[in-house]
Amino acid sequence: MSKEEQTELRSVMDSVMSLCKRRGFVYAGSEIYGGLANTWDYGPYGAQLKRNILNLWWKTFIEDRDDMLGLDSAILMNPRVWEASGHVANFADPLMDCKSCNERVRGDKLLEEHLKTTIAGLSNDEIYNKVMDEKIPCPKCKKLNWTQPRAFNLMFKTYQGVLEDTAAQIYLRPETAQGIFVNFKNILDSMRVRLPFGVGQYGKSFRNEITPGNFIFRTREFEQMEIEYFVRPEQAESVFKQWVEDSMNFFTALGIKKDKMRVRNHGKEELSHYSTMTVDIEYEFPFGWGELQGIAYRGSFDLDQHTKFSGEKLQYRDPETNEVFVPHTVEPAWGLTRTVLTVLVDAFEEEALEDGETRNVMHFDPKIAPVQVAVFPLQKQQSEKAEALYKTLKPHFRCEYDESGAIGKRYRRQDEIGTPFCVTYDFQSDEDGAVTVRERDSMKQERVKIEVLAEFLKAKL
RNA sequence: GCAGGUAUCGUAUAGCGGCUAUUAUGCCACCUUGCCAAGGUGGAGAUGCGGGUUCGACUCCCGCUACUUGCUCCA
């Protein structure tokens, strides 16, 4: 990619951010107090868009399927959960600073690069000693002048109870997934399920990322949609492949351009502590490729760990053979807030018009557009009739009524927030009982009878 | 966390150590308007926060905050 192209893409990002603020999609957090780093608030259209994406996900993967169940577990959990999951031990980067030039590196990565092998389970002291034994210098200034590794645990800590003593120290969840494993037994006992089946939930997670950024791409507070799909070990591979396919289909259903997405296999060295097979679904953002979703084959790691730490047997008994075993899991994990960014960036177009003007158009898929139908009177004489029509459509679609300014200006307003259909009640409507429906993408106009209008629009959504 | 860049009405911008801080667009009201940002009149709206230098700071200096580029990473 050339410098010019990068600058161009950078300005796309700026345009999207500016539009988000101007049109009520996303605002900077705590803005009137000078902001708080990396926090963003979703405005009316942004909140609606996020919810629409979430609802489509829930419908696609939970409601419409016989093998899926929904769950909504707590953000605050017993700290032992995170010991079992490995997050207390592994979800921290041992960062070392070079005292000579201030370069900061991950101690474990430094070792791995030097030794050309993967290492795991070393304590900070062990990492430090090993680095000093091997005399691994700073990659930047080539001096051997490291600080002790300091663990920056990515989990947010807080306190339960009014006294800030350590006994009550708990974490904000860094992922929603553990809530599913922890409820595995509850679900088996209450829901009469059979393998293979999955449990899905969405919600906020929190990670003290060292380097957040890129608008709402990487934020310390974010929303995920996660599924744990439980299978017999021998089913895992085919189920895994099926999830990759289903996931891509979901993104396509959101209207995201296929040629901007790719599936990327994780190499051995980047697999996380729990996974033996992982793929990412990535999108090409203006700032580069970024992960939208990870699909990880976790084996029986989580259920085994929680069995070990809790003492509860997390197993499955086959009702026909009476065979007892620990199911394996395939975990598709989406970033919801990231998906919102993707949809915003992907839908954005600065369209050049014939007269040299431009119009900003958000080409949201009609299913997830914050506003689906806008209703106008051609002029204020038709206000009353148009408003009455708006009220009949409102229960069936996400609707907006606008009578302010010239008709062309109202079209443009709706283009900018991605409304796919505009309906205009005009001078003829009284006589022919019809209205003009204008489509955002084609800018085509069509005359539609009012009595079939709702049906007509529904067919297009 | 380190190194660089940036910070002026909602958005995009101009400018200056000193007069009422520029322009465009958007927004609000009224008039006008027979389908793609028409026109007229009026209106509201900004120097991120704190300190210093100075008779006087939006402008110069320092600190903070936020955004951003690179290192990092992963939903």
Side-chain angles (χ1 to χ4, degrees), chain A residues 6-7 10 13-15 17-24 27-40 93 95 97-98 101-106 109 139-140 150 152 154 174-177 202 204-205 207 209-219 222-226 264 266 270 272 278 280-282 287-296 331-339 341-342 353-355 357-360 376-382 404-416 422-428 435-438 440 443-445 447:
Chain A
Q6 281 215 326
T7 312
R10 189 63 247 164
M13 204 61 198
D14 288 342
S15 302
M17 285 175 75
S18 163
L19 187 145
C20 277
K21 172 149 201 217
R22 204 156 29 85
R23 303 313 310 266
Y27 311 123
S30 312
E31 208 179 357
I32 63 167
Y33 286 100
L36 176 67
N38 187 242
T39 58
W40 302 94
D93 297 335
L95 296 181
D97 294 329
C98 171
C101 71
N102 279 331
E103 176 78 352
R104 170 168 287 178
V105 298
R106 277 180 59 171
K109 292 272 175 187
K140 196 171 159 195
R150 286 177 296 168
F152 281 87
L154 296 182
E175 62 172 39
T176 61
Y202 63 89
K204 295 245 165 152
S205 293
R207 292 181 192 174
E209 299 285 354
I210 298 160
T211 310
N214 283 322
F215 195 30
I216 54 172
F217 181 75
R218 181 177 287 119
T219 49
F222 63 104
E223 273 177 271
Q224 297 181 294
M225 307 179 289
E226 293 194 293
R264 197 176 63 83
H266 273 222
E270 57 176 331
S272 35
T278 299
D280 287 344
I281 294 178
E282 301 185 327
F287 47 80
W289 288 93
E291 183 190 352
L292 291 181
Q293 182 188 3
I295 304 169
E331 178 195 84
W334 289 257
L336 172 56
T337 31
R338 266 178 195 190
T339 306
L341 178 63
T342 307
L353 298 171
E354 287 162 17
D355 58 1
E357 299 271 319
T358 59
R359 63 166 187 156
N360 285 338
F376 315 139
L378 183 57
Q379 285 186 7
K380 291 206 174 146
Q381 287 109 294
Q382 294 94 22
S404 131
I407 184 87
K409 184 179 278 190
R410 286 178 248 157
Y411 283 146
R412 294 293 168 87
R413 262 184 212 137
Q414 295 300 329
D415 289 339
E416 237 187 1
C422 294
V423 171
T424 303
Y425 194 101
D426 60 27
F427 290 89
Q428 269 179 28
V435 289
T436 303
V437 177
R438 178 264 203 184
R440 173 197 61 203
M443 283 172 82
K444 266 195 214 138
Q445 300 191 0
R447 202 72 187 159

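Chain identifiers are assigned alphabetically (A, B, ...) following the order of the sequence lines, protein sequences preceding nucleic acid strands; residue numbering begins at 1 within each chain.
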Q. For A/K409, which residues count as a side chain to side chain contact (heavy atoms under 4.5 Å, CB included) partner, sequence neighbours excluded?
A. A/R413
Q: Output, in order, the C-alpha distance, side-chain angles, deciding distance and verdict of side-chain contact (heavy atoms from CB on, under 4.5 Å) for A/F217 and A/F287.
A: CA-CA 10 Å; A/F217 181 75; A/F287 47 80; 3.7 Å; yes
Q: Taking atom P in both B/rC61 and B/rG42, compute the distance separating them and give it to the nearest angstrom.
A: 41 Å
Q.
Under 3.5 Å, is there any donor-acceptor pair linking the side chain of A/R438 to the base of B/rC36?
A. yes
(Q) Considering every strand and a 4.0 Å limit on heavy-atom distances, what is the contact class for A/Y33: base, sugar-phosphate, or nothing? (A) nothing
Q. What one-letter contact string describes nucleotides 23-33 of chain B from 5' to 3', where B marks a base within less than 4.0 Å of any protein heavy atom, S marks contact via sugar-phosphate atoms alone, and - marks no contact?
A. ---SSS----S
Q: Report which part of the nucleic acid A/Q293 touches: base, sugar-phosphate, or nothing (heavy-atom distance under 4.0 Å, all strands).
A: sugar-phosphate
Q) NA contact type, A/M225, heavy-atom cut-off 4.0 Å: base, sugar-phosphate, or nothing? A) nothing
Q. Is the shortest side-chain N to carboxylate O distance from A/R338 to A/E282 below 4.0 Å?
A. no
Q | A/E416 with A/R22: basic N within carboxylate O range, under 4.0 Å | A | yes
Q) Is the shortest side-chain N/O distance from A/N214 to OP1 or OP2 of B/rU69 below 4.0 Å? A) yes
Q: Under the side chain to side chain contact (heavy atoms under 4.5 Å, CB included) rule, collect the residues that match up with A/T219, sequence neighbours excluded.
A: A/N38, A/W40, A/F222
Q: Would you indicate what A/T424 reaches in the nucleic acid, counting non-hydrogen atoms under 4.0 angstrom: base, sugar-phosphate, or nothing?
A: base
Q.
Could you work out, with side chain to side chain contact (heavy atoms under 4.5 Å, CB included) as the rule, every residue matching A/E223, not counting sequence neighbours?
A. A/K50, A/K204, A/L336, A/T337
Q: Give one of base, sugar-phosphate or nothing for A/R410, where a contact means two heavy atoms less than 4.0 Å apart.
A: nothing
Q. When all nucleic acid strands are considered with a 4.0 Å heavy-atom cut-off, which category describes A/D415: base, sugar-phosphate, or nothing?
A. nothing
(Q) Under 4.0 Å, heavy atoms only, any strand: does A/T219 hit a base, just the sugar-phosphate, or nothing? (A) base
Q. Starting at the 5' end of RNA chain B, what dot-bracket string do you get if Watson-Crick and G-U pairs under 3.5 Å are bracketed, crossing pairs use [ ], other-strand pairs use | and unpaired bases use dots?
A. (((((((..(((.....[....))).(((((.......)))))....(((((..]....))))))))))))....
Q: Applying ring-ring contact (aromatic ring centres under 6.0 Å, His included), name anything that partners A/Y411, two or more places apart in sequence or on another chain.
A: A/F376
Q.
Tell me whether A/D415 is salt-bridged to A/R410, with the criterion being a basic N under 4.0 Å from an acidic carboxylate O.
A. no
Q) Reckon A/Y27 touches a base, only the sugar-phosphate, or nothing at all at heavy-atom distances under 4.0 Å? A) nothing
Q: Would you mind classifying the nucleic acid contact of A/E226 as base, sugar-phosphate or nothing, using non-hydrogen atoms under 4.0 angstrom?
A: nothing
